[in-house]
Amino acid sequence: MDFNMKKLASDAGIFFTRAVQFTEEKFGQAEKTELDAHFENLLARADSTKNWTEKILRQTEVLLQPNPSARVEEFLYEKLDRKVPSRVTNGELLAQYMAEAASELGPTTPYGKTLIKVAEAEKRLGAAERDFIHTASINFLTPLRNFLEGDWKTISKERRLLQNRRLDLDACKARLKKAKAAEAKAALWNDEVDKSEQELRVAQTEFDRQAEVTRLLLEGISSTHVNHLRCLHEFVESQTTYYAQCYRHMLDLQKQLGRFPGTFVGTTEPASPPLSSTSPTTTAATMPVEPSAAGLAPPAEAALCLEEVAPPASGTRKARVLYDYEAADSSELALLADELITVYSLPGMDPDWLIGERGNKKGKVPVTYLELLS
């Protein structure tokens with residue numbers, strides 16, 4: 001009992017001494033041991049890493065789960081060490097509503113058939129989103145959380161210990177200074193000076209030891225950056241895969257709707273392909289967009305006989321194919337990425353299409369799949 005009381009009294013005394021030293025430093029009434037410039041840079045880099053990691057983590061969580069209530073629920077499940085229940089994505093929910101609407105409004109009508117097609121695509125998009133969220137959470141969010149909840153807590157703990165050791169050291173310096181000042185007035189203070197010098201040596205040793213431990217942890221931030229860099233690459237890869245899957249699903253849906261009987265036609269205006277301004281000698285479409293059913297061909301072009309078409313005397317150009325293209329019918333020319341073909345336009349043609357020739361084969365090709373060369 002007496003031992004515990006003495007320990008509590010000692011701890012209280014140390015805490016009081018540190019508080020006095022800290023307060024006097026704030027008011028400029030006490031000297032403060034400064035850390036070297038390299039150590040200060042390590043501290044600043046560690047703080048910056050922690051702050052930006054928190055911001056990136058929070059915003060990535062918002063990106064993967066925009067619903068704040070759902071994020072809170074997932075957080076509570078993680079803290080309780082319980083498995084987060086499977087959640088239906090917005091795309092999957094939309095697919096469900098569209099399928100139910102088609103069933104009620106008539107699955108054999110043009111509208112009902114289209115609803116079913118779109119619902120299937122939305123379901124695939126939802127599944128792709130689910131896979132992306134799962135992969136990004138494991139490969140990116142988890143390492144960031146582990147740093148904040150593991151390494152950073154250890155660094156913070158050692159930094160607090162270093163701060164306490166520094167306060168103890170500076171308090172010992174102040175006591176020694178006062179003892180020497182009193183010694184100059186009376187020789188009776190020699191024992192007090194010796195005691196203060198001994199305490200200062202012990203405090204300096206403990207401070208140096210703690211400073212080295214903290215320095216090693218701070219230098220380990222470089223390894224943290226390397227680990228986060230690897231995780232960032234994995235996040236980009238998973239995001240790239242996700243968007244590529246979404247693009248393929250929507251391209252397939254677009255092709256299905258473009259060839260679907262009874263599709264509503266007449267209001268879609270063909271859009272000119274976006275042109276690249278990076279080179280004066282080439283014009284390139286930045287994204288391959290399938291021309292819609294409304295823009296396949298005007299009436300005059302629909303009756304065009306490709307066997308009778310001859311290239312104009314001037315106006316033909318070479319073009320490099322950007323993406324594979326599957327011909328929808330015999331009037332179109334199938335394309336393979338990176339091959340070169342000859343293209344030209346005919347009067348009255350839809351601006352989204354050109355006539356393409358490769359050897360003895362000829363057919364319509366979409367402009368957005370080509371890079372036109374000078």
Side-chain angles (χ1 to χ4, degrees), residues 1-55 144-228:
M1 185 68 177
D2 292 340
F3 174 78
N4 291 335
M5 293 297 297
K6 289 181 180 179
K7 187 176 186 304
L8 288 174
S10 175
D11 291 343
I14 293 174
F15 177 80
F16 179 75
T17 302
R18 290 170 179 170
V20 170
Q21 178 66 27
F22 182 81
T23 303
E24 290 180 349
E25 289 176 359
K26 288 297 182 181
F27 286 99
Q29 299 173 355
E31 296 181 359
K32 175 182 176 181
T33 299
E34 299 292 342
L35 301 170
D36 61 76
H38 176 63
F39 203 104
E40 292 289 354
N41 288 336
L42 291 176
L43 289 173
R45 186 176 67 155
D47 289 334
S48 181
T49 299
K50 180 255 186 181
N51 292 335
W52 283 112
T53 300
E54 285 181 332
K55 291 180 180 180
L144 297 187
R145 289 197 191 99
N146 289 343
F147 165 72
L148 294 173
E149 298 175 2
D151 294 350
W152 182 254
K153 285 187 176 181
T154 301
I155 291 174
S156 299
K157 175 184 176 182
E158 297 302 329
R159 286 176 67 174
R160 288 193 297 270
L161 288 175
L162 179 63
Q163 172 75 345
N164 291 337
R165 295 290 181 263
R166 185 196 61 75
L167 290 172
D168 293 343
L169 174 63
D170 289 336
C172 289
K173 289 180 179 179
R175 284 198 297 271
L176 179 59
K177 186 176 181 180
K178 291 177 182 179
K180 287 186 175 180
E183 183 186 34
K185 296 180 180 179
L188 298 176
W189 287 80
N190 284 334
D191 293 341
E192 186 67 24
V193 171
D194 292 340
K195 180 181 177 183
S196 298
E197 288 179 341
Q198 176 62 25
E199 291 177 347
L200 177 59
R201 284 192 293 270
V202 173
Q204 184 70 57
T205 300
E206 293 179 349
F207 172 77
D208 292 342
R209 183 186 300 114
Q210 186 58 40
E212 183 62 24
V213 171
T214 308
R215 183 193 302 273
L216 292 174
L217 288 173
L218 294 174
E219 289 174 346
I221 291 292
S222 296
S223 299
T224 299
H225 288 183
V226 172
N227 183 43
H228 288 183

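Owing to the predicted nature of the structure, the values given are computational and were not obtained by experimental measurement.
For the atom pair Ile221 CD1 and His228 NE2, the distance stands at 8.5 Å (nearest 0.5 Å). Atom CD1 of Ile155 and atom CG of Leu162 lie 13.0 Å apart (nearest 0.5 Å). Taking CD from Gln163 and CG from Leu161, the interatomic distance works out to 11.0 Å, rounded to the nearest 0.5 Å. For the atom pair CD of Glu212 and OG1 of Thr214, the computed distance is 9.0 Å after rounding to the nearest 0.5 Å.
Between Thr33 and Arg166, the closest heavy-atom pair is O-CD, 3.3 Å.
Looking at Leu217 and Asp151, their side chains never come closer than 4.5 Å, going by heavy atoms from C-beta outward. Leu35 places a side-chain heavy atom less than 4.5 Å from the side chain of Leu43. Residues Phe39 and Leu218 meet the side-chain proximity criterion, which asks for heavy atoms closer than 4.5 Å. No side-chain heavy atom of Leu200 sits less than 4.5 Å from a side-chain heavy atom of Glu197. Asp168 is listed as a side-chain neighbour of Arg165, based on a closest heavy-atom distance under 4.5 Å. Residues Ser222 and His225 form no side-chain contact, since every pair of their non-hydrogen atoms from C-beta on lies 4.5 Å or further apart. By the 4.5 Å heavy-atom criterion applied to side chains, Arg209 and Glu206 are counted as neighbours. The shortest distance between side-chain heavy atoms of Leu42 and Arg45 falls below 4.5 Å.
A donor and an acceptor atom, one from each side chain of Gln204 and Asp208, are located under 3.5 Å apart. A side-chain donor from one of Arg201 and Gln198 sits under 3.5 Å from a side-chain acceptor of the other.
Checking side-chain atoms of Gln210 against main-chain N and O of Glu158 turns up a donor-acceptor pair under 3.5 Å.
For Glu54, the salt bridge (Lys or Arg N to Asp or Glu O under 4.0 Å) partners are Lys50, not counting sequence neighbours. Phe207 meets the ring-ring contact (aromatic ring centres under 6.0 Å, His included) test with no other residue; sequence neighbours excluded.
Relative ring orientation between Phe147 and Trp152 is described as tilted, the plane-to-plane angle lying within the 30° to 60° band.
Using a cut-off of 4.0 Å between Lys/Arg side-chain N and Asp/Glu carboxylate O, Arg159 and Asp47 are scored as salt-bridged. In summary, Asp36 and Arg215 engage in a salt bridge, as defined by a charged side-chain N under 4.0 Å from a carboxylate O.
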